[in-house]
Asker: 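The structure under discussion is supplied below as structure tokens; questions concerning it will follow.
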Amino acid sequence: MKKLVRFAAVTLAAVLATGCATKTTYVDPNADDVVVMGLDYKDFSKAADQAVVDIQTSPLMVHPQVGSGARYIIAVSKIVNDTTQRIDTAQLSKKIRVDLLRSGRFITTTAIGLNGAEDEMTAQVRKLKKSKLANQKTVKKNGTVVAPDFSLSGKIIQRNHKVDSSTQQMDYYFQLTLTNLDNGLAYYEGEYPIIKRGSNKSVSW
Amino acid sequence: MVAASLLTGCASVYQASQFGGFETQLKEGKFQEATQSAVNRSDVDEKTGRPTDLLWTLQAGSLMRMQKDYQRSTEFFDASENMMQNEDTRSAASNVAMEGTSLLINDAILPYQQSHYEGVMANTYKAMNFSAQSDVDNARIEWNRVYDRQRRAVEAFADEIAERQEEIQAQQEKQKEQANLNRSLKASSKLLAQSGVDMGQWQPYKGFVNPFSTYMYGLHFMLNAQSRTDFQRAYDSLKRVYSMTGNATVKKDMSIARQLMNGFSFNKVRPRVWVIYENGLAPKKKEFRIDLPIVLSSQKIVYTGIALPRLVERKKAYDYIKANGNKTTQLSDMDRIVKAEFKEQFNYILFKEIVRATAKTITQRNIAKKDSTAGLLFAVAQMATTSADTRSWTSLPKEFQLTRFKRPASGVVSLAMPGMEQSLDVNIDKNSQFNIVYVKAVSAGQLPSVEVISL
């Protein structure tokens with residue numbers, strides 16, 4: 001009997017709360033004004049855009065032989081997610097990589113990474129040297145993989161505050177660094193805060 | 001009268017039976033069966049495979065963790081967090097509807113609303129699941145959640161008290177024609193104190209913090225630091241725990257964290273073993289019935305039977321554990337945490353029960369004036385629906401204890417429990433700089449369950 005009563009109460013509440021079902025629609029990213037408390041694609045996009053502009057306009061980030069088409073090689077190191085949300089930090093680095101590659105001045109290596117290669121195929125295809133199947137003329141040689149000039153690392157941090165009893169504020173900071181691997185100096189550093197305010201009824205994740 | 005007492009029993013017996021089998025299985029160490037009981041009661045949705053009953057999802061999640069079924073445990077805790085959020089953000093309209101229904105019947109029919117400490121423990125256990133799976137990145141996220149939940153708890157208590165005060169005023173206004181709720185509340189508090197319900201000594205840890213969660217947070221950031229700021233975090237939280245508990249091991253950890261923060265090389269920290277001991281079971285709620293005075297507007301006082309929850313403490317499994325001769329000491333008293341939060345809620349629970357009893361009494365009197373048989377029937381129904389909400393996360397421990405020592409060259413940690421002849425040898429990773437041996441004992445006479453996390 002108790003379960004039945006609880007069921008009735010929950011159903012009544014659910015009916016009051018929902019009203020009608022939500023239709024699935026496409027979102028135009030340029031005209032999307034829905035804001036969530038957590039981090040979403042708009043935040044990654046915004047932070048990455050700012051970072052790319054800063055990197056491209058930094059005089060330190062210009063290859064000495066840029067006139068002859070030389071480009072800096074970037075290896076992606078760790079971007080620490082220090083928030084309360086399960087997000088893939090590769091979302092951020094990927095956007096930056098894509099934009100930097102498009103600029104024509106930077107290339108990312110997928111053969112070298114902090115915990116092994118992002119794409120192990122570069123190493124794997126060199127094993128074809130012993131293969132009777134592969135045309136040996138087409139097998140990639142050793143000693144041709146380009147070592148990186150810079151390492152991209154960073155951190156996404158989150159600070160939560162109460163504004164008043166019904167409002168909380170989330171401060172997110174996207175912190176990025178490009179370290180010159182020649183000398184270990186940070187040639188580029190950027191911090192991009194994204195601040196959100198919203199309901200304090202529940203947790204923000 | 002017979003029917004009445006039969007029905008009265010019904011509501012509380014139902015709740016008791018929900019916990020009964022589960023509690024016995026737990027105490028007897030039948031953890032697989034207990035897990036299955038909890039899963040059965042968590043109302044797993046056939047379509048999504050997700051549990052839908054918050055309380056039993058928490059119970060199941062903690063038992064799965066204990067049996068090292070980390071992935072499933074995390075899935076259950078994730079689902080519990082979703083349910084907690086739905087509870088927190090339910091619209092005002094549906095909240096009013098639910099509360100309204102509960103005021104007609106009782107609190108036990110409402111969906112389970114988690115206590116703050118339960119939310120904190122769900123994230124704590126989840127963080128430790130990830131640590132056990134060597135998933136440091138996800139553990140960090142959960143520890144950040146623990147931090148935020150503890151921060152929110154302090155603020156929430158203040159807000160809730162204000163909100164409830166408003167609600168009490170509103171109810172007062174609504175019923176003023178027929179009854180004096182304030183006077184009933186005052187008279188009841190006095191009577192309850194006389195009958196031994198005295199929560200005066202129950203004090204929270206400063207800021208309603210659970211020192212266990214804050215300690216494990218500090219330990220995690222000390223042992224898995226990604227930067228100097230992580231050592232700072234570790235130091236700050238260990239310092240906070242030390243100031244709350246005075247635990248000697250915490251003091252020693254605090255000093256390591258301070259050295260690391262000041263640039264001492266992490267690799268030079270001597271290899272150590274921490275033993276964390278989860279002891280016994282947290283207090284559970286039991287219903288008690290008492291006749292309390294309902295003050296009607298005519299100044300007439302009617303004594304009506306109401307049902308309230310009270311906390312019952314449970315036994316330790318073993319007073320302490322000796323790990324290679326090192327005795328564990330208390331790090332966090334879960335009894336104290338549960339009591340402090342219960343104390344915050346109790347006045348509101350009492351008030352709601354008085355509102356309910358008043359409304360039911362007035363209705364019953366009005367009906368009885370017109371038709372005595374109908375009045376009697378209503379009285380029966382009133383008694384049958386009177387029931388306290390006795391739900392809580394009962395598989396949490398009574399307390400957490402701690403000790404720490406140098407990593408033994410043998411790689412064996414021998415756990416001795418007072419009163420047990422047999423000791424338990426645990427193999428740690430001899431090559432790991434740090435090992436955490438996590439021990440849980442539910443009741444005496446059973447060998448504890450052990451988990452080793454090597455870093």
Side-chain angles (χ1 to χ4, degrees), chain A residues 1-19 36-39 77-90 114-115 153-173 175 177 198-205, chain B residues 7 10-11 14-15 18 43 52 78 81 84-102 104-106 108-112 119 123 136-138 140-149 151-152 154-156 158-160 162-163 226-227 229-230 233 384-385 387:
Chain A
M1 168 199 150
K2 190 149 279 193
K3 272 221 158 156
L4 199 68
V5 179
R6 189 183 299 169
F7 175 75
V10 173
T11 313
L12 176 64
V15 169
L16 280 169
T18 37
V36 295
M37 290 291 267
L39 291 169
S77 177
K78 194 170 173 77
I79 297 183
V80 176
N81 170 13
D82 203 0
T83 70
T84 59
Q85 287 150 69
R86 284 186 203 148
I87 42 177
D88 185 358
T89 52
L114 202 59
N115 302 311
S153 63
K155 199 173 190 184
I156 306 172
I157 59 177
Q158 177 180 358
R159 296 283 171 270
N160 300 350
H161 323 269
K162 176 184 167 180
V163 178
D164 55 49
S165 61
S166 59
T167 318
Q168 62 179 327
Q169 180 172 308
M170 259 74 274
D171 303 345
Y172 297 103
Y173 298 92
Q175 300 174 330
T177 306
S199 165
N200 195 25
K201 269 188 167 180
S202 190
V203 292
S204 62
W205 50 89
Chain B
L7 271 168
C10 178
Y14 174 79
Q15 282 193 77
Q18 279 274 298
D43 287 340
T52 57
D78 277 345
E81 278 208 287
M84 289 181 202
Q85 188 149 31
N86 290 342
E87 266 307 298
D88 292 341
T89 55
R90 194 184 303 113
S91 75
S94 62
N95 244 342
V96 169
M98 289 232 219
E99 286 290 334
T101 318
S102 96
L104 291 176
I105 304 162
N106 59 51
I109 63 149
L110 288 173
Y112 187 66
N123 288 115
V136 183
D137 294 345
N138 272 314
R140 172 180 287 264
I141 294 167
E142 295 302 329
W143 287 122
N144 285 342
R145 292 182 180 187
V146 167
Y147 184 88
D148 199 47
R149 278 198 193 274
R151 174 191 68 83
R152 290 178 59 82
V154 190
E155 294 165 0
D159 289 344
E160 275 164 21
E163 252 170 56
Q226 300 273 355
S227 63
T229 50
D230 282 347
R233 264 157 118 169
T385 53
S387 176

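Side chains included, hydrogens not; waters and symmetry mates left out as well; all remaining heavy atoms used. Proteins come first, then strands; the chains are lettered A, B, ... in the order of their sequence lines, and each starts at number 1. Source: prediction; values computed, not measured.
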Asker: With only heavy atoms counted, which part of B/Gln85 is less than 4.5 Å from chain A, the side chain, the backbone, both or neither?
Answerer: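 B/Gln85 touches chain A through backbone and side-chain heavy atoms alike.
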Asker: So, does B/Asn144 use its side chain to make a donor-acceptor pair with the main chain of A/Asp82 at under 3.5 Å?
Answerer: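 Between the backbone of A/Asp82 and the side chain of B/Asn144 there is a qualifying donor-acceptor contact (under 3.5 Å).
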Asker: For atom CG of A/Asp164, is the number of surrounding heavy atoms from other residues, nucleotides or ligands below 6.0 Å larger than 12?
Answerer: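 Yes, because the 6.0 Å sphere around CG of A/Asp164 holds more than 12 heavy atoms from other groups.
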Asker: Are there over 12 heavy-atom neighbours, none belonging to B/Tyr147, within less than 6.0 Å of that residue's OH?
Answerer: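 No, because the 6.0 Å sphere around OH of B/Tyr147 holds 12 heavy atoms or fewer from other groups.
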Asker: Which region of B/Asp78, side chain (C-beta onward) or backbone (N, CA, C, O), has a non-hydrogen atom less than 4.5 Å from a non-hydrogen atom of chain A, or is it both or neither?
Answerer: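 For B/Asp78, the side chain is the part near chain A, not the backbone.
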Asker: Non-hydrogen atoms of chain A under 4.5 Å away: do they reach the side chain of B/Ser227, the backbone, both or neither?
Answerer: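 B/Ser227 touches chain A through side-chain heavy atoms alone.
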Asker: If you define the side chain from C-beta out and look only at heavy atoms, does anything of B/Val154 sit under 4.5 Å from A/Lys162?
Answerer: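 With C-beta onward as the side chain, the pair stays apart.
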Asker: In terms of heavy-atom proximity below 4.5 Å to chain A, should B/Glu81 be classed as side chain, backbone, both, or neither?
Answerer: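 The side chain, not the backbone.
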Asker: Examine whether an atom of A/Ser165 lies under 4.5 Å from a heavy atom of chain B, and if so say whether it belongs to the side chain, the backbone or both; otherwise answer neither.
Answerer: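 Both backbone and side chain.
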Asker: Among B/Arg233, B/Glu163, B/Met84, who wins on heavy-atom pairs under 4.5 Å with chain A?
Answerer: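 Answer, by heavy-atom pair count under 4.5 Å with chain A: B/Arg233.
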Asker: Can you tell me which portion of A/Val203 sits under 4.5 Å from chain B's heavy atoms? Options are side chain, backbone, both or neither.
Answerer: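 Both parts, backbone and side chain.
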Asker: For A/Gln158, which atoms come within 4.5 Å of any heavy atom of chain B: side chain, backbone, both, or neither?
Answerer: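 For A/Gln158, no heavy atom lies under 4.5 Å from chain B.
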Asker: When rounded to the nearest 0.5 angstrom, what distance separates CE in A/Met170 from CG in B/Asp148?
Answerer: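 Going from the CE atom of A/Met170 to the CG atom of B/Asp148 covers 6.0 Å.
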Asker: Less than 4.0 Å between a side-chain N and a carboxylate O, is that true for B/Glu87 and A/Lys201?
Answerer: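 A salt bridge is absent here (no side-chain N lies under 4.0 Å from a carboxylate O).
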Asker: Ignoring hydrogens and geometry, is there a side-chain-to-backbone donor-acceptor pair from B/Arg152 to A/Asn200 under 3.5 Å?
Answerer: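 Here the side-chain-to-backbone pair exists.
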Asker: Looking at B/Arg145 and A/Thr84, what are the two nearest heavy atoms and their distance?
Answerer: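 Residues B/Arg145 and A/Thr84, closest heavy atoms: NE-O, 2.6 Å.
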Asker: Locate the shortest heavy-atom distance separating A/Gln168 from B/Arg151; write the atom from each residue and the value.
Answerer: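 Looks like OE1-NH2, 3.8 Å.
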Asker: Flag the pair A/Asn81 / B/Ile141 as yes when at least one side-chain heavy-atom distance between them is below 4.5 Å, and no otherwise.
Answerer: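 Result yes, sub-4.5 Å side-chain heavy-atom pair found.
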Asker: Measuring from A/Lys155:NZ to B/Thr229:OG1, what's the distance to the nearest 0.5 Å?
Answerer: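 One gets 3.5 Å once the value is rounded to the nearest 0.5 Å.
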